[in-house]
Amino acid sequence: MPRLTPITKREQVTGEGLVAFDAIIESRGSINAPQAMHMYVPEIAQCSTALSDSLRYRSHLSDHDTELAIITAAREMDCDYVWSGHSRAALRAGVRPEVVDIVANLGSLDGLTKEEAVIVRFGREVVGNHKLSQEGFDAAIEQFGDANTIVLGALIGHYTMMSCTLIATDTRPAEGAPVLPKRPEA
C-alpha cells in the first residue's frame with residue numbers, strides 16, 4: 001500500500017484540483033500512480049502530465065528511443081513501478097529483449113548497437129554519475145542533434161522525478177508485474 005491514499009476519483013478533489021483532474025483524464029483516460037500522488041498538488045499533476053505528453057508524444061525521438069531512455073532512468077533510480085510498465089512498453093516499441101536485459105542488469109554496453117549505447121550511456125552517466133562526459137554529450141549530439149539531445153535529457157530527468165515521487169510514497173507495481181533485479185553488492 002502506498003504511504004498516501006491515491007487520488008484516482010474525481011470526487012476526491014475540489015476547486016483547482018478538478019481542473020487538473022479533468023485535464024489528466026482528457027489526456028490519459030485515467031489517473032495512474034504518479035498522477036495519483038501528484039494530485040496532492042494539482043498544479044504539479046497537471047504540469048507533469050503535460051510535460052510527459054510533450055516529451056513522449058510530441059518530440060522527435062522514436063518510440064523505441066523514448067522507451068529505452070525511460071527504462072534506463074527507471075533502472076538508474078531502481079524504480080520498480082516505472083520499470084514494470086515501461087519495460088513492457090519498450091518491448092512493444094521494438095527494443096530488443098536482450099537490450100532490456102542489459103539495462104535491467106547493468107550490463108556492458110558492448111551488447112548494444114551504437115545508437116542504443118548512446119541512450120543508455122547518457123542515462124547512466126547523467127543519473128548514475130551526476131555528470132555527462134564530453135564523449136557522451138558529443139555522441140548524443142551526433143545522433144540526435146541539439147534539440148533532441150535536450151529532449152533526451154529532459155525525458156530522463158522527468159522519469160527520474162516520477163521515480164522520486166513513487167519511491168517516496170512507496171508506490172509499487174501490481175503483483176506479478178516485472179520488477180528490476182537487485183543491484184549487485186559493491
Side-chain angles (χ1 to χ4, degrees), residues 1-93 95 100 103-104 119 122-124 126-128 130 144 147-180:
M1 239 359 236
R3 291 179 171 142
L4 295 173
T5 301
I7 298 174
T8 59
K9 296 183 175 80
R10 196 169 196 273
E11 47 276 3
Q12 290 175 276
V13 295
T14 60
E16 69 182 60
L18 292 170
V19 174
F21 188 92
D22 292 344
I24 295 166
I25 293 297
E26 183 178 326
S27 166
R28 303 284 163 89
S30 66
I31 304 286
N32 68 19
Q35 286 90 15
M37 294 301 149
H38 286 161
M39 280 301 299
Y40 279 90
V41 185
E43 183 177 7
I44 291 175
Q46 191 169 1
C47 290
S48 174
T49 300
L51 179 59
S52 180
D53 289 351
S54 178
L55 292 168
R56 290 182 63 203
Y57 307 121
R58 293 189 295 276
S59 78
H60 296 286
L61 295 179
S62 68
D63 289 347
H64 172 281
D65 292 351
T66 295
E67 292 300 333
L68 181 55
I70 292 169
I71 65 171
T72 299
R75 169 73 274 185
E76 289 303 306
M77 290 298 295
D78 298 325
C79 185
D80 283 334
Y81 190 93
V82 172
W83 181 265
S84 71
H86 286 280
S87 61
R88 293 181 283 201
L91 294 169
R92 287 191 304 273
V95 177
V100 173
V103 172
I119 296 167
F122 190 103
R124 285 179 177 178
V126 168
V127 180
H130 306 208
F144 295 113
N148 279 327
T149 296
I150 297 302
V151 169
L152 179 63
L155 179 66
I156 290 169
H158 179 68
Y159 278 87
T160 298
M161 177 199 71
M162 301 295 263
S163 295
C164 288
T165 298
L166 294 163
I167 291 166
T169 58
D170 199 24
T171 303
R172 298 174 192 221
E175 189 70 35
V179 294
L180 288 158

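The shortest distance between side-chain heavy atoms of Thr149 and Phe122 falls below 4.5 Å. Put simply, the side chain of Leu166 reaches to within 4.5 Å of the side chain of Pro34, judged on heavy atoms. By the 4.5 Å heavy-atom criterion applied to side chains, Asp65 and Phe144 are counted as neighbours. Within the 4.5 Å cutoff, no side-chain heavy atoms of Thr14 are placed close to those of Phe21. No side-chain heavy atom of Val19 sits less than 4.5 Å from a side-chain heavy atom of Pro42. Contact check for Ile156 versus Glu76: no side-chain heavy atoms found under the 4.5 Å cut-off. Using a 4.5 Å heavy-atom cutoff, the side chains of Ile70 and His158 are not in contact.
The backbone N or O of Ser48 sits nowhere less than 3.5 Å from a side-chain atom of Ser52 that would complete a donor-acceptor pair. Side chain of Arg172 to backbone of Asp80: no donor-acceptor contact under 3.5 angstrom is found. Side chain of Ser84 to main chain of Tyr81: a donor-acceptor pair is present (N/O by atom type, distance under 3.5 Å, no hydrogens or angles). Side-chain atoms of Ser54 do not come within 3.5 Å of backbone N or O of Ala50 as any donor-acceptor pair. Using a distance-only test at 3.5 Å, with no hydrogens or angles considered, a donor-acceptor pair links the side chain of Ser59 to the main chain of Leu55.
For the atom pair CE of Met37 and CG of Asp170, the computed distance is 9.5 Å after rounding to the nearest 0.5 Å. Note that CE of Met39 is 11.5 Å distant from CD1 of Ile44, once rounded to the nearest 0.5 Å. Put simply, CG on Asp63 and CG on Leu68 are 12.5 Å apart, with the number rounded to the nearest 0.5 Å. Atom CD of Glu11 sits about 10.5 Å away from atom CG of Leu18, to the nearest 0.5 Å. Rounded to the nearest 0.5 angstrom, Leu51 CG and Met162 CE are separated by 9.0 Å. With values rounded to the nearest 0.5 angstrom, Ile71 atom CD1 is found 12.0 Å from Thr66 atom OG1.
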Determine, step by step, whether Cys47 and His38 satisfy the side chain to side chain contact (heavy atoms under 4.5 Å, CB included) criterion, reporting the C-alpha distance in whole Å, the side-chain angles of both residues, the deciding distance to 0.1 Å, and the verdict. CA-CA 10 Å; Cys47 290; His38 286 161; over 6 Å; no
Using the rule given for side chain to side chain contact (heavy atoms under 4.5 Å, CB included), can you reason through Leu61 versus Arg56, listing the C-alpha separation, both sets of side-chain angles and the distance that settles it, and then say yes or no? CA-CA 8 Å; Leu61 295 179; Arg56 290 182 63 203; over 6 Å; no
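With respect to the salt-bridge test (charged N to carboxylate O, under 4.0 angstrom), the residues Asp78 and Arg75 qualify.
In plain terms, the two heavy atoms of Ile167 and Met77 that are nearest each other are CD1-O, 3.4 Å. Across all non-hydrogen atoms, the minimal contact from His86 to Tyr159 is NE2-CE2, 3.7 Å.
The number of heavy-atom neighbours closer than 6.0 Å to CD of Glu43, taken from other residues, nucleotides and ligands shown, is 12 or below. Around atom CZ of Arg88, more than 12 heavy atoms belonging to other residues, nucleotides or ligands sit under 6.0 Å away.
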